[in-house]
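All ligand and atom numbering here is 1-based and tracks the order in the structure. Along the sequence shown, residues are numbered consecutively beginning with 1.
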Amino acid sequence: MIDTTTTYLGLALKNPLVAASSPLTGNLEDAKRLENAGVSAIVLPSLFEETIQHEQKQLEQYVHSQSFGHFEADSYHPVPEDYNNELDNYLDHLQRLKSELDIPVIASLNGVSNTGWINYAKELMDAGADALELNVYYVAANHNQTGIEVERRYLDLLKSLQQNINIPVTMKLSSQFSSVSNMVKLLQTEGADGVVLFNRFYQPDIDLDTLKLKPQIELSTPSEALLRIRWIGMLRGRVDLSLAATGGFHTVESIIKALLAGADAVYLCSVLLNKGPEYCEVLLKQLSDWLIEREYESIKQMQGSVSQLCAIDPASYEHSNYIDVLKSY
Ligand SMILES: Cc1cc2nc3c(=O)[nH]c(=O)nc-3n(C[C@H](O)[C@H](O)[C@H](O)COP(=O)(O)O)c2cc1C
């Protein structure tokens with residue numbers, strides 16, 4: 001019997017496969033299917049402060065327009081008492097999952113303002129989230145903002161959250177930092193319990209008919225996994241926080257590589273959207289077959305064994321074979 005357990009953000013998980021933020025985890029029935037198929041934890045879709053703000057504005061306009069011209073505006077309650085806003089719905093869903101699932105439930109937050117990040121994080125903690133993932137998703141579009149200022153945003157946010165909540169916090173990071181490893185080290189210093197590498201940035205396209213930008217979302221491709229595997233491999237053993245890989249993990253081979261490089265957890269999204277939640281069961285079976293075939297007794301035994309610190313050829317994680325790679329084409 002293979003021991004597939006892993007520890008992620010201080011949580012004891014029965015295996016390293018985690019369902020990433022997606023519409024699947026936002027739906028109770030799909031979340032149950034994910035649990036039945038063996039995922040060890042789920043990350044909820046992000047709660048977006050921007051959506052809450054937008055909703056509040058619309059509500060204020062609605063109330064305002066209702067009270068105009070109404071004879072007894074003060075005693076008139078145009079908003080139904082059972083009206084549920086975005087936040088209420090999110091908290092309801094979180095509490096429902098906590099009561100109906102046995103696996104840990106990680107909430108995800110995308111804030112705008114400092115108070116928003118802190119207040120909503122507290123709400124998510126109070127509603128029972130086992131951990132909190134920060135989906136910063138910040139596109140540094142201001143030409144006057146320096147790289148150091150961008151990094152400070154992340155670090156200051158983490159610092160103020162750490163002072164206000166007491167559940168594990170992980171940050172879903174972009175790969176676009178001048179020094180990913182230094183950034184992760186700084187996040188660790190500010191108290192991050194983990195990092196999720198890497199957020200996928202969705203690129204707007206240009207519609208050639210209308211000449212307008214059109215937002216689009218495309219599922220990942222398997223080739224995206226290598227970037228994640230490389231950075232996990234270079235960080236493993238050099239930082240003391242949990243490492244999760246997200247982006248391009250569609251096959252058991254890529255999952256095994258992420259674990260060998262040193263991932264504590266591998267997030268799945270596109271593959272489950274494509275093939276359905278039950279595909280997790282197939283991946284888990286393939287993972288355990290591979291471990292048996294290679295005579296591993298546990299996941300922990302193989303985790304990090306091909307990280308840069310342990311690899312036979314550590315320089316290959318960097319640029320040493322760059323010229324050879326180009327020549328090999
Ligand atoms: C339809 C869809 C919705 C998503 N929603 C969120 C979200 O709310 N918050 C978040 O942090 N990531 C979100 N993601 C990103 C995924 O969690 C995941 O990190 C990304 O898709 C890369 O993993 P994959 O290659 O397995 O798809 C979403 C992805 C998709 C495809």
Nearest protein heavy-atom contact for [atom]: which residue, which atom, what distance?
atom: atom 18 (C) of ligand 1; answer: T246 OG1, 3.5 Å
atom: atom 8 (O) of ligand 1; answer: S46 N, 2.9 Å
atom: atom 25 (O) of ligand 1; answer: S220 OG, 2.5 Å
atom: atom 27 (O) of ligand 1; answer: S270 OG, 2.5 Å
atom: atom 28 (C) of ligand 1; answer: S21 O, 3.5 Å
atom: atom 26 (O) of ligand 1; answer: C269 N, 2.9 Å

- Please lay out, stage by stage, how R238 and S181 fare under the test side-chain contact (heavy atoms from CB on, under 4.5 Å). CA-CA 9 Å; R238 293 207 163 91; S181 44; over 6 Å; no

- Message: Which label fits Y154 and F177: parallel for a plane angle under 30°, tilted from 30 to 60°, or perpendicular past 60°?
- Response: perpendicular

- Task: Evaluate the ring planes of Y137 and F201, with Trp represented by its six-membered ring, and classify them as parallel (under 30°), tilted (30 to 60°) or perpendicular (over 60°).
- Result: parallel

Per-atom contacts of ligand 1 with [X], taking only distances under 4.0 Å to non-hydrogen atoms:
X: A20; answer: 17 (O)
X: G247; answer: 22 (C), 23 (O), 25 (O)
X: G248; answer: 24 (P), 25 (O)

Looking at [X] and [Y], would you say the former's side chain and the latter's main chain have a donor-acceptor pair under 3.5 Å?
X: E50; Y: V112; result: no
X: T51; Y: L47; result: no
X: Q303; Y: A263; result: yes

- Message: Could you check whether any heavy atom of V271 sits closer than 4.0 Å to an atom of ligand 1, since that is the contact criterion I want to use?
- Response: no

- Query: With a 4.0 Å cut-off on heavy atoms, does Y202 reach ligand 1?
  - Reply: yes

- Query: Of H250, R200, K172, R228, which has the heavy atom at the shortest distance from atom 19 (O) of ligand 1?
  - Reply: K172

- Item | Selected option - heavy-atom contact closest to atom 1 (C) of ligand 1, from A225, P45, P23 | P23

- Would you check whether L219 has a nitrogen or oxygen atom less than 3.5 angstrom from a nitrogen or oxygen atom of ligand 1? no

- What about N135: any of its N or O atoms under 3.5 Å from an N or O on ligand 1? yes

- Does a side-chain N-to-carboxylate-O contact under 4.0 Å join E281 and K275? no

- Message: Taking R33 first and then D30, would you say they form a salt bridge - that is, a charged N and a carboxylate O separated by under 4.0 Å?
- Response: yes

- Does the side chain of Q145 come under 3.5 Å of the side chain of R153 through a donor N or O and an acceptor N or O? no

- Message: Testing D193, L241, D264, L132 one by one against L9 for a side-chain contact (heavy atoms from CB on, under 4.5 Å), which residue passes?
- Response: D193

- Short version for I217: what comes under 4.0 Å of ligand 1, heavy atoms counted, is side chain

